[in-house]
Amino acid sequence: MAVKELLGQLHEAAECPRKQLEKYLGEGKKVIAMAPVYGPQEIVHSMGLVPMGVWGADVEINEAKKYYPAFICSVMQTILELGIKGEYKGVSAIIIPSLCDSLKTLGQNWKYAVADIPFIPMTYPQNRRQDYGVKFTRAGYGRVISDLEVATGARFSEPALAKSNALYNEHNRAMREFAEIASYADITAAQRSDVFKSAWFMTVEEHTAIVKELNEELKKGPRAEGKLRVLVTGILADSPSLLKIFDDNGIQVAFDDVANESRQYRTDVPEMANPVDALAHKFANMDNCTLLYDRDKKRVDYIIEQAKAHEAQGVIVLMTKFCDPEEFDYVPIKRACDKAGLMHLNIEVDRQMVNYEQAGTMIQAFKEMC
Ligand code: SF4
């Protein structure tokens, strides 16, 4: 299949998750909603269920205001809004990890606001690397498994999980390869985003097959010429209006450190005799993310290293409004960029944003200065 058709398939899935949900429900499958940022998709898949990501949407917030104050991130607010409005109808349960304070409140509000979709908590430890941290994560996965069994009637087995772990590792490799190829390929920021976004709404088997084919086709195609190479960092980078501004200004996403994009695919499940232990070690091995405890802020060094490795001329920080973890990281990122001689731009983003004129002007000025 040609690049255009492959990207077309991914665009369709990225643009219309409800259609994907209807498709899987129509095939008699049970679907589990996965809230940000890291949930055990491998466990869900191994039980014959379809994990689908829920990261909110660019919609007006009305109902969720009854549960949240205005100063909480719009990712949380719009997930709840969509839940209350019935957008996730048909989903068997939602898994909500506990990795930031806002996420902790989402589960509690969900129980009352969307009572027909069971809430399954996944409580992760802050100190994830030590033995006790791994044990804690493993216990959390045990709770998820038993709650999934109750909510769906599906059964868990270790051999099935071992197979799912291997499939997700294969997907990780395909996505990492895509990020490298897309760094130099003639591909727009919007198309690149579709590849990452669609992963949340397709089965891992379908998505891996398309991305592998896309990688092979892109390798044969032309390289991007004369564009401004930037590293993009943040929680989300999927706003069509913002991506259009990137593309109108000739911005090439040389690499990303975005929570719902490359951060998902950096760490594989290690080879271990017990697949649940292996999955708990995967979480222990994850790093360089705002939501993972990091006393030394190694994420900052990671951003600079990746910017240099991918020949980025600048760094664009997409700062999700009211996201405390990301806000804490901004000053060290700014200082590190200054020290490394990299231009940087901080754009505040919000699922509620309708006017991108200011962002457009900032990107134009950034381009001229780089
Ligand atoms: S990490 Fe930030 S954007 Fe994500 S849920 Fe927490 S506060 Fe919201």
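Note that ligands are numbered from 1 as they come in the structure, with each ligand's atoms numbered from 1 the same way. Just so you know, residue 1 is the first one in the sequence shown, and it goes up from there.
Figure legend: cation-pi geometry between R129 and Y293 absent, as NZ or CZ is not positioned both under 6.0 Å from the six-membered ring centre and within 45° of its axis.
Within the 4.0 Å heavy-atom criterion, neither part of L99 lies near ligand 1.
Judged purely by atom type and a 3.5 angstrom limit, Q77 has no side-chain atom pairing as donor or acceptor with the backbone of K65. In this structure, S98 contributes its side chain and K104 its backbone to no donor-acceptor pair below 3.5 Å. Remark: the backbone N or O of A160 is paired with a side-chain donor or acceptor of S164 at under 3.5 angstrom.
For atom 1 (S) of ligand 1, the nearest non-hydrogen atom of the protein is L291 CD2, 3.5 Å.
Legend: protein N/O/S atoms lying under 2.8 Å from atom 8 (Fe) of ligand 1, waters omitted, number 1.
Taken to the nearest 0.5 Å, the CG atom of N109 stands 13.0 Å off from the NZ atom of K66.
Side-chain contact between S183 and Q252 is absent, with no heavy-atom pair separated by less than 4.5 Å.
Applying the salt bridge (charged side-chain N to carboxylate O under 4.0 Å, His left out) rule to pairs touching residues 154-167 yields E149-R155, sequence neighbours excluded.
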